[in-house]
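Heads up: the structure comes next, in structure tokens.
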Amino acid sequence: MAASSPRGYALRLLKQRLRSVWEIDQALLRRQVPEEERQEIITSLTEAGLLDDVRLARAWVNDRDRFQPRGAIVLRQELMKKGIAKEIIDQTLRHRLEREEEPIDEYGQALQVAEPKMRLYARLDPETRRRRLGGFLLRRGFSLGTVRRILDA
């Protein structure tokens with residue numbers, strides 16, 4: 001297997017970070033790899049356990065929760081951009097809320113994200129502070145109900 005082979009290229013991409021089936025397919029398509037060969041490469045990488053959309057989705061959500069908390073709305077959009085199937089996204093976000101080891105409390109997570117902004121906006125008039133904080137939290141993907149709870153607290 002030459003380093004410049006389509007399979008070698010796909011493996012190099014996977015060495016950099018986890019990627020979805022769609023991302024690998026698109027990368028190979030950009031390299032003008034024929035459909036049949038792309039499917040063979042994807043099948044072999046999947047069978048070898050190197051390509052797994054469920055694992056990618058869970059890892060993406062876990063990393064986001066730990067390092068850059070986002071609400072379910074933004075997480076869903078990010079996973080969709082990676083070509084993850086709707087069913088896998090739904091399952092991953094459901095697992096996020098139900099996992100035994102550390103379930104996600106969206107309100108607590110939103111409050112944690114909002115605290116630095118609350119200090120930053122402290123000198124603003126109440127209406128401007130409320131508008132800016134609400135917009136910030138909504139852009140981070142937190143639900144309207146969660147945002148309202150924080151703004152009303």
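Residue numbers count from 1 along this sequence. From a predicted model like this one, the values you see are computed outputs, not experimental measurements.
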- Would you mind listing the cluster partners of F136? Hydrophobic ones only (ILVMFWY), side-chain contacts under 4.5 Å, chaining allowed. Y107, L111, V113, M118, L120, Y121, L124, L133, L137, L138, F142, L144, V147, I150, L151
Single-linkage hydrophobic cluster [X]~[Y], side-chain heavy atoms < 4.5 angstrom:
X: L18; Y: I89; answer: yes
X: L14; Y: I41; answer: yes
X: L29; Y: I24; answer: no
X: Y9; Y: L11; answer: yes
X: V21; Y: I84; answer: no

- Is there a donor-acceptor contact under 3.5 Å linking the side chains of T46 and T43? no
Could you tell me which non-hydrogen atom of [X] sits nearest to which non-hydrogen atom of [Y], and how far apart they are?
X: R129; Y: A122; result: NH1-O, 3.0 Å
X: S143; Y: E106; result: OG-OE1, 3.1 Å
X: D53; Y: G83; result: OD2-O, 4.5 Å
X: G49; Y: R55; result: O-NH1, 3.2 Å

- Examine K82 relative to W60 and say whether NZ or CZ is less than 6.0 Å from the centre of the six-membered ring and inside a 45° cone about the ring axis. yes
Hey, does the side chain of [X] reach the backbone of [Y] with a donor-acceptor pair shorter than 3.5 angstrom?
X: R19; Y: L13; value: yes
X: R140; Y: V74; value: no
X: R139; Y: G135; value: yes

Measuring from atom [atom1] of [X] to atom [atom2] of [Y], what distance do you get when rounded to the nearest 0.5 angstrom?
X: R12; Y: K15; atom1: CZ; atom2: NZ; result: 9.5 Å
X: T128; Y: R123; atom1: OG1; atom2: CZ; result: 15.5 Å
X: I88; Y: L56; atom1: CD1; atom2: CG; result: 9.0 Å
X: E37; Y: S5; atom1: CD; atom2: OG; result: 8.0 Å
X: R76; Y: M80; atom1: CZ; atom2: CE; result: 8.0 Å
X: W22; Y: L51; atom1: CH2; atom2: CG; result: 13.5 Å

- Task: Output all residues satisfying salt bridge (Lys or Arg N to Asp or Glu O under 4.0 Å) with R58, sequence neighbours left out; order by chain, then residue number.
- Result: none
- Message: My understanding is that only residues two or more places apart in sequence, or in another chain, count here; which of them pass salt bridge (Lys or Arg N to Asp or Glu O under 4.0 Å) with R17?
- Response: E23
- Message: Taking the basic N atoms (NZ, or NE/NH1/NH2) and the acidic carboxylate oxygens, is any pair closer than 4.0 Å for R64 and E78?
- Response: yes
- Is the shortest side-chain N to carboxylate O distance from K86 to D90 below 4.0 Å? yes
Can you establish whether the number of heavy atoms outside [X] located under 6.0 Å from its atom [atom1] is more than 12?
X: E36; atom1: CD; value: no
X: R148; atom1: CZ; value: no
X: E35; atom1: CD; value: yes

- Task: Test D25 against every option in R38, R30, R31 by the salt bridge (Lys or Arg N to Asp or Glu O under 4.0 Å) rule and name the one that passes.
- Result: R38
